[in-house]
Amino acid sequence: MDVKLGELPNWAATRDFTPNGILSAVRRGHDRFYNKYINVKRGGIGGVAMLLTGYVVLSYIWEYDHIKHDRWRKYH
Amino acid sequence: MNGIATARASRSVHTSQQSLAPVPALPEKGGKVRYGLIPEEIFQFLYPKTGVTGPYVLGTGLLTYLLSKEIYVINHETFAAASIGIVIVYGIKKFGPSVAAFADKLNDEKVSKVREVKELAVSNLQQAIEDEKKEQWRAEGRQNLFDAKRNNVAMLLEINYRERLHMVTNEVKKRLDYQIALQNLQRRMEQEHLVSWVEKSVVKSITPQQEKESIAKCITDLKMLAKIEQARPTV
């Protein structure tokens, strides 16, 4: 990565947090992923599989408060 | 910071040196992904510090932590997820290559169709270029045609001129001949007329008196001649 871990707060301060900035950041991230894994001549399973795995993980996180009740032990 | 600035600059479109045509080809293969889920960059990122087994140890540690703290809870859904996962992995392993080949075939058909159109257009334009060159060559040849026509016209003019010259000389000669014939006729007629007039006047001038005298003279001349003739043989 181009940003060192120690400089992370400084770097995060320079980021653009306006709605336009956030939208453009999302667009940039999407374009990076899309052009690397999906917009190729012979793409593999990786691109789609990563998206689906991300979806599964995200939905687990959103449902965690409900899943908490299925825990086997009370104290960890 | 420099890296971020350059990364940003390479995304802008209107200020870069690259031209948009011909469109750059798509990359052949996507980014490498290990086990279909984890991008290769993680492995490369951890290699200098932890070697080859680093990410695997990281994965195992994470899994143990999630399970032990029950951040990931094992319930009926885990069993369902495991079964679905096994079926999915088996299906992909078995049918993956054939589906990939089918998709490649579709893509190739599309590309070949478009390429045909392009080739046809290029060949048509080549043909048009050839025809255009031929037309230019023909247009140059037209100069020769004009020269030949000019020569023809000049010749016709010359012929016409000479014909008329001949006609003029003939006409003039005819008129001059006519004048000459006229003069000759006049002279002849004058001569004949003079001669006949002289004869007539001479004949008229011979009066009967003179006629008798001339006849008598002739007779005496004849008698003398006869006498001479008679006298000669005796000599």
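None of the values given here were measured: they were computed from a predicted structure. Numbers restart at 1 for each chain; the letters A, B, ... are given by sequence-line order, proteins then strands. Side chains included, hydrogens not; waters and symmetry mates left out as well; all remaining heavy atoms used.
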- line: Cut-off 4.5 Å, heavy atoms of chain A, and the answer for B:L37 is both

task: Assess whether atom OH of A:Y64 is packed by more than 12 heavy atoms of other residues, nucleotides or ligands within 6.0 Å.
output: yes

message: If the contact rule is any heavy atom under 4.5 Å from chain B, which residues of residues 66-76 of chain A qualify, in numerical order?
response: A:I67, A:D70, A:R71, A:W72, A:R73, A:H76

- line: Heavy-atom closest pair (A:Y60 atom, B:Y72 atom, distance to 0.1 Å) is OH-CA, 3.2 Å

- request: Tell me, for B:I88 versus chain A, whether the close heavy atoms (under 4.5 Å) come from the side chain, the backbone, both or neither.
  value: neither

query: Any residues in residues 103-124 of chain B near chain A, with a heavy-atom distance under 4.5 Å, and which are they?
result: B:D104, B:N107

query: Do A:M50 and B:V33 touch side chain to side chain, with heavy atoms closer than 4.5 Å?
result: yes

- prompt: Which heavy atom of A:A49 sits nearest a heavy atom of B:G36, and at what distance?
  reply: CB-O, 3.2 Å

- prompt: Around B:Y56, counting heavy atoms of other residues, nucleotides and ligands shown, do more than 12 lie under 6.0 Å from its OH?
  reply: yes

message: For chain A, which candidate among B:K32, B:E41, B:R34 shows the most heavy-atom pairs at distances under 4.5 Å?
response: B:E41

query: Looking only at heavy atoms, which two atoms of A:Y37 and B:P39 are closest? And how far apart?
result: OH-CB, 3.4 Å

message: Would A:I45 and B:Y35 count as a side chain to side chain contact (heavy atoms under 4.5 Å, CB included) here? Give the steps.
response: CA-CA 9 Å; A:I45 196 74; B:Y35 299 115; over 6 Å; no

- request: Any chance you could lay out the side chain to side chain contact (heavy atoms under 4.5 Å, CB included) test for B:K29 and A:K41, step after step, and finish with the verdict?
  value: CA-CA 6 Å; B:K29 285 176 117 32; A:K41 266 191 218 165; over 6 Å; no

